[in-house]
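Before any comments, here is the structure.
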Amino acid sequence: MAQVTLTINGRSYSIGCEDGQEQQLQALGHDLDRRARSLSEATGAVSEGLILVLASLTLADELGDARRTRDKAQETLNALSHEAELMVEEKIAEAQAEAEAAIAAVREEAQATISAIREETESSMAELQAELDALRAQTQEQVMEVRARADRQIAEAQAEAARLGEGSKAELSRLEGEGTALKKQLADAKQALEAARSHLEQRRNEHQTLRQAEDDIASALERMAARIETVARSLATS
């Protein structure tokens, strides 16, 4: 243990202290000596005990002021901390409200987009179905007309051949050729109908693709909404 000699108001005192605390103890001794001398000069007291009592009272008063200042600062700090917490809670509430509004807006816009796509697709399908029905009816009518015409011409040719005999074989061949041509027209009409059906199937596949795109958009928007909600919750807990 180290020993430090302090001089207080002209008198020396030997004080023990921990090693390394010598400078701090000497600084305290100098401060106490300064206070004692000042009190002695101010009051004219010569009693060592009275001077030390007065110095102790002065130190106690300064310590009380320091404690009151500290308590007041702590109260101010607590008030500021409470105010800061309220501000943070208010900001979090505002962020949550904004996030919820953004989620609602995204969902509403997504729903409107999906509804518009669905309506447009359904309208296109209805138009295609109407076109196909009209084409089917027109083709069927043409087929029936061609078939009836061919049957009439063949019947007429057969009747004419029976009436005229062998001399009308050439005419019969010609009429049969016309019948063959008419049958070819019938086959072409059937091929056009098949092409129309194939076109409709292709448009139906496109419609299914649009349906899948709607589902993909809806899923992506749901994931975005979930992500926004997660961010809002993290703001609330931070």
Side-chain angles (χ1 to χ4, degrees), residues 1-115 214-238:
M1 178 176 292
Q3 292 290 325
V4 177
T5 299
L6 301 179
T7 301
I8 307 298
N9 197 26
R11 293 194 62 177
S12 298
Y13 300 89
S14 181
I15 306 296
C17 67
E18 297 290 336
D19 293 336
Q21 300 295 320
E22 296 89 348
Q23 291 184 353
Q24 182 179 0
L25 185 57
Q26 286 178 354
L28 293 173
H30 289 321
D31 183 62
L32 183 58
D33 179 59
R34 178 184 59 78
R35 292 174 182 275
R37 289 178 182 278
S38 177
L39 289 170
S40 178
E41 292 174 358
T43 61
V46 294
S47 172
E48 180 182 354
L50 179 59
I51 291 174
L52 291 177
V53 168
L54 293 174
S56 298
L57 290 173
T58 302
L59 288 172
D61 182 56
E62 291 180 358
L63 179 61
D65 290 340
R67 286 176 177 173
R68 285 189 292 273
T69 302
R70 181 201 62 187
D71 293 341
K72 185 176 181 180
Q74 186 64 42
E75 291 177 358
T76 302
L77 179 61
N78 291 338
L80 291 175
S81 177
H82 180 66
E83 184 178 355
E85 290 177 357
L86 293 178
M87 291 180 61
V88 170
E89 291 177 357
E90 183 179 355
K91 291 297 183 182
I92 290 175
E94 291 178 356
Q96 288 178 336
E98 291 178 358
E100 291 174 357
I103 292 171
V106 169
R107 286 179 175 171
E108 183 177 356
E109 183 178 357
Q111 188 62 39
T113 302
I114 292 173
S115 298
E214 291 177 8
D215 294 339
D216 294 341
I217 291 172
S219 298
L221 291 172
E222 287 296 331
R223 290 195 296 271
M224 183 186 297
R227 179 59 180 166
I228 293 175
E229 289 177 353
T230 301
V231 172
R233 290 194 186 98
S234 66
L235 287 175
T237 58
S238 63

- Message: Could you check whether any side-chain heavy atom of D33 comes within less than 4.5 Å of a side-chain heavy atom of L6, counting everything from C-beta outward?
- Response: no
- Just by distance, do the side chain of S115 and the backbone of Q111 share a donor-acceptor pair under 3.5 Å? yes
- Looking at A55 and L32, what are the two nearest heavy atoms and their distance? CB-CD1, 3.9 Å
- Task: Search all heavy atoms of G29 against all heavy atoms of I8 and return the closest pair with its distance.
- Result: O-CD1, 3.4 Å
Please list, one pair per line, the donor and acceptor atoms closer than 3.5 Å that link side chains of residues 14-23 to other protein atoms, with sequence neighbours excluded.
residue	atom	partner	partner atom	Å
S14	OG	Q3	OE1	3.2
D19	OD1	A2	N	3.3
E22	OE1	G20	N	3.0

Only pairs under 3.5 Å count here: list side-chain donor-acceptor contacts from residues 83-95, not counting sequence neighbours, and write none if there are none.
none

- Item | Sequence neighbours excluded - side-chain hydrogen bond (donor to acceptor under 3.5 Å, both in side chains) pairs with any residue from residues 52-64 | R35-E62
- Listed by chain and number, what are the side chain to side chain donor-acceptor pair (under 3.5 Å) partners of R68, not counting sequence neighbours? D65
- L39 and its side-chain contact (heavy atoms from CB on, under 4.5 Å) partner, picked from L50, V53, L52, L54: L54
- What residues form a side chain to side chain contact (heavy atoms under 4.5 Å, CB included) with R34, not counting sequence neighbours? D31
- For residues T7 and S12, report the shortest heavy-atom separation together with the two atoms involved. OG1-OG, 3.6 Å
- Message: Can you pull out every side-chain hydrogen bond (donor to acceptor under 3.5 Å, both in side chains) where at least one residue sits in residues 69-78? Sequence neighbours excluded, please.
- Response: Q74-N78
